Amino acid sequence: MEEITKSLNFIEHIIEEDLEGSYSKNELRFRFPPEPNGYLHLGHASSICLNFGLGERYDAPVNLRFDDTNPAKEESAYVEAIKKDVAWMGFHWDKECYASDYFEQLYKWAVQLIKEGKAYVDSQSSEEMAKQKGSPTTPGIAGPYRNRSAEENLDLFERMKNGEFEEGVHVLRAKIDMESPNMLMRDPILYRVLHKAHHRTNTDWCIYPMYDWTHGQSDYLEQVSHSLCTLEFLPHRELYDWCLDQLVDKDKLRPKQREFARRNLSHTVVSKRKLLELVEEGVVSGWDDPRMPTISGLRRRGYTPEAIRNFADTVGIAKRENLVDVSLLEFHVREHLNRIAPRVMAVLDPLKVVITNYPEGSEEWLEAENNPGDDQAGSRQVPFSRELYIEKADFKEEANRKFFRLKLGGEVRLKNGYIIKAESCTKDTDGNIIEVQCTYDPKSKSGTGTEESLRKVKGTLHWVSVSHAIPARVNLYDRLFTDENPDGHKDKDFMEFVNTDSLETITAFLEPSLKNVKVGDRFQFQRLGYFNVDKESSSEQLVFNRTVTLRDTWAKIQQKK
RNA sequence: UGGCCUAUGGUGUAAUUGGCAACACAGCUGGUUUUGGUCCAGUCGUUCUAGGUUCGAGUCCUAGUAGGCCAACCA
């Protein structure tokens, strides 16, 4: 009954077919294979959700494998950050694997290849090799070292391994087909010399395998059934299969690579190089800046793993070009936060209101619901007094009847409190309104059940009591780019589209119940949006980040004018 | 002057594998509401083009068009 038959994506169709064919269900195994050379971002998130989602759907193990074959770029600090992010997303990996654990086996297989005449040591410069490689439209030609004897190749390769050569003087290449229409099959490089310490194998090796000589074999060694990667690896599939052809034991499961389109999100970039540029140019404060599309940035912004996973689920997976609108991501974070975030009152842009007929010096505590959609959420007390703050935008001297807020002579309800009426206002010498004088109806107090308390007035405002309010620093974030596809312009650099107003930091006034919040706590500031406590927050100085605003139909109406 | 991949509302993804084009978001209209939030109801709008096969084509075939990927000792 609760079994909702969800439609399958094309990867799941492939798996279903395999299950009807030669695969049994317990042979299914997946992997998420990041290179530990940077932080995970939203693009990785869809791959994570795909692979681990498949694991959950088929009750199959999923390995977390670090593709660490290039010591020049990789660090163990990234390994730790990646593990943290995947765990935060709520996924559990079966084995924690490293491509570097397979270096010895990979080396042995390479030796075997040489003996079979399927690989050779090339001693040319990369420029010369590139020249011989031809182009997509012209075939390549053989280089002068292509037919070295197996003995010579073996000797050279061993000496490469032993550190006898400088970087760049020799490489090991597969001997495949210099005329293949697939550039990757034109004798791809399998090994290069790199005199660099590796974050795990240290200086044990000075030759390192290339991606193509590593990935399929790693999948094979781990007996991964379906190796899923993005579409730009599609041309690699032929090579992936060629490598496996050379060494697969027919009794063992042979992994298959399949490709899906990477997710592109509007108003952002996800390429590591570009994210790094944003950090280095100081456009953002770091990799976990709440405006960054990194997992750590989203976490700090207040996003929940559920929101990100639901987003990935509804977006799905396919093979065509795409540009998903961020509003879908925002929908999912609102949808989740609406269910879980306690409601509180905070004023971001204060305007003082004085209730002239409320006794001076007195105060009272009003009952306030924590979440109207959740009767388990309970309630709290908020203080009311003669002097309050409301939002500047919630008062106008004059306005038409579409303005459901406070205007002179008009009435409005203060949330959880009383109905008030604006009688007059005072201005500074520049004509700015600095205070509004109101009267209140003492019988209209919320929840008392009196006739007056049940009176309907158009408009309910949030507010805080001036004397009780806690000042807090609040970061108001907006989209990082003004263009929906900053990456998509041939003649313009993405940096030209940086939104210079993507961060506004203000001092806001919070209801006192927020005094003891913890880093990461999430709230709905009523009528404003969802906010969470930043890692820089302390009991002396509270700091909140705006995750996302509430849907705002009033703003839309105003925009239309 | 090559090879490969892709094409479904504004966006993303489906379509029992050849049988009534659907779901979500966005938009719009109305209702409810002590959040212009939430919730509820309604509405808008789609198979790149031209042929072909078929009783029947989003799905298969051919050609075209458009977009993407491929020439790192990166992954």
Side-chain angles (χ1 to χ4, degrees), chain A residues 5-9 13 33-35 37 67-70 72-74 99 122 125-126 129-131 133-140 167-173 180-184 186 189-194 208 210-212 214-215 229 231-238 259 261 263 266 272 311 313-325 327-332 334-335 338-339 343 345 369 371-373 402-405 412-417 419 446-447 453-462 484 524-529 549-557:
Chain A
T5 43
K6 198 175 158 263
S7 58
L8 305 181
N9 62 44
H13 279 293
E35 183 187 12
N37 70 341
D67 228 334
D68 55 350
T69 58
N70 185 2
K73 293 183 175 178
E74 297 151 7
D122 200 330
S125 69
S126 58
M129 286 192 283
K131 220 176 288 172
K133 214 166 182 185
S135 77
T137 53
T138 55
E167 293 182 10
V169 322
H170 302 294
V171 292
L172 185 73
R173 297 178 75 176
S180 170
N182 183 350
M183 297 290 294
L184 284 157
R186 325 245 258 229
I189 292 171
L190 265 26
Y191 272 94
R192 77 287 214 190
V193 173
L194 247 31
Y208 291 93
M210 301 287 287
Y211 166 85
D212 288 299
T214 307
H215 206 89
C229 59
L231 230 32
E232 66 265 28
F233 286 94
L234 202 155
H236 291 253
R237 184 148 119 197
E238 192 179 1
E259 310 81 13
R263 298 260 68 113
S266 76
K272 242 171 232 177
F311 168 73
D313 273 357
T314 53
V315 163
I317 211 79
K319 289 180 84 167
R320 51 176 160 165
E321 289 287 303
N322 57 77
L323 184 64
V324 185
D325 201 294
S327 63
L328 186 60
L329 216 210
E330 293 170 346
F331 162 78
H332 281 288
R334 285 190 189 110
E335 194 270 335
N338 177 50
R339 282 185 279 134
R343 272 62 172 168
M345 293 198 285
E369 257 184 324
N371 189 338
K402 285 266 187 70
F403 186 76
F404 306 155
R405 304 177 183 200
V412 84
R413 173 169 294 278
L414 294 176
K415 179 81 182 168
N416 307 310
I419 293 172
S446 296
S453 76
L454 297 172
R455 228 178 92 215
K456 303 282 178 200
V457 288
K458 198 66 186 171
T460 302
L461 306 185
H462 62 278
E484 70 162 10
Q524 184 196 97
F525 289 2
Q526 282 177 117
R527 301 211 303 134
L528 297 171
T549 61
L550 256 30
R551 254 183 97 235
D552 191 350
T553 51
W554 172 239
K556 272 176 207 156
I557 291 165

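For clarity, every value in this text was computed on a predicted model and none was experimentally measured. Throughout, protein chains are lettered first and strands after them, A, B, ... in sequence-line order, and every chain is numbered starting at 1.
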So what does A:His332 hit on the nucleic acid, given a heavy-atom distance under 4.0 Å: a base, only sugar-phosphate, or nothing? nothing

Give one of base, sugar-phosphate or nothing for A:Gly168, where a contact means two heavy atoms less than 4.0 Å apart. base

For B:rC74, take OP1 and OP2 only and decide whether either is under 4.0 Å from a side-chain N or O of A:Lys73. no

Can you check the distance between B:rA66 and B:rU29, where both ends of the measurement are the C1' atom (answer in whole Å)? 37 Å

Checking N1-N3 plus N6-O4 or O6-N4 for Watson-Crick, or N1-O2 and O6-N3 for wobble, each under 3.5 Å, the partner of B:rU59 is none

Give one of base, sugar-phosphate or nothing for A:Val315, where a contact means two heavy atoms less than 4.0 Å apart. sugar-phosphate

Once you apply a heavy-atom cut-off of 4.0 Å, does A:Leu194 come out as touching a base, just sugar-phosphate, or nothing? nothing

Exam field: side chain A:Arg186 to backbone A:Lys133, donor-acceptor pair closer than 3.5 Å: yes

Report the glycosidic orientation of B:rU17: syn if within 90° of 0, anti in every other case. syn

Using a heavy-atom cut-off of 4.0 Å across all strands, would you classify A:Ile419 as base, sugar-phosphate, or nothing? nothing

For A:Leu328 and B:rU11, give me the distance from atom CG to atom P, rounded to whole Å. 14 Å

Under a 3.5 Å cut-off for both distances, is B:rU34 Watson-Crick or wobble paired, and to whom? none

Paired with B:rG2: which nucleotide, if any, by Watson-Crick or G-U wobble criteria at under 3.5 Å for both distances? B:rC70

A:Asp325 and A:Ser327: side chain donor to acceptor below 3.5 Å: yes

Who is the Watson-Crick or G-U wobble partner of B:rC48, with both distances under 3.5 Å? B:rG64

Can you give one letter per nucleotide of nucleotides 30-36 of chain B, 5' to 3': B if a protein heavy atom sits under 4.0 Å from the base, S if only from the sugar-phosphate, - if neither? ----BBB

Check the distance between B:rA72's C1' and A:Lys272's NZ and give it to me in whole angstrom. 16 Å

Check this for me, if you would: do A:Glu259 and A:Arg237 make a salt bridge, where the nitrogen-to-carboxylate-oxygen distance has to be below 4.0 angstrom? yes

Distance only, no hydrogens: is a donor on one side chain within 3.5 Å (strictly under) of an acceptor on the other, for A:Arg527 and A:Thr460? no

Give me the ring orientation class for A:Phe311 and A:His332: parallel if the planes are under 30° apart, tilted from 30 to 60°, perpendicular past 60°. perpendicular

Look at A:Thr69 and B:rA75 and indicate whether a side-chain polar atom (N or O) is within less than 4.0 Å of OP1 or OP2. yes

Would you say B:rC74 has OP1 or OP2 under 4.0 Å from some side-chain N or O of A:Arg192? yes

Please work out if A:Asn182 contacts a base, only the sugar-phosphate, or nothing of the nucleic acid, heavy-atom cut-off 4.0 Å. nothing

Give the rounded distance in Å between these two atoms: CE of A:Met210 and C1' of B:rA75. 9 Å

May I ask you to say what A:His236 touches in the nucleic acid, namely base, sugar-phosphate or nothing, with a heavy-atom cut-off under 4.0 Å? base

Rounded off to whole Å, could you give me the CD-to-P distance for the A:Glu321 and B:rU13 pair? 10 Å

Distance, rounded to the nearest Å, where A:Glu167 contributes CD and B:rA72 contributes C1': 15 Å

N/O contacts under 3.5 Å, protein versus nucleotides 57-61 of chain B?
none

Applying the Watson-Crick and G-U wobble criteria at under 3.5 Å, what pairs with B:rA22? Answer none if nothing qualifies. B:rU13

Could you check whether A:Phe331 gets within reach of a base, just the sugar-phosphate, or nothing at all, counting any heavy atom under 4.0 Å? sugar-phosphate

Under 4.0 Å between any heavy atoms, over every strand shown, what does A:Phe233 touch: base, sugar-phosphate, or nothing? Just pick one. base

Quickly work out the A:Asn70 CG to B:rC74 P distance and round it to whole Å. 6 Å

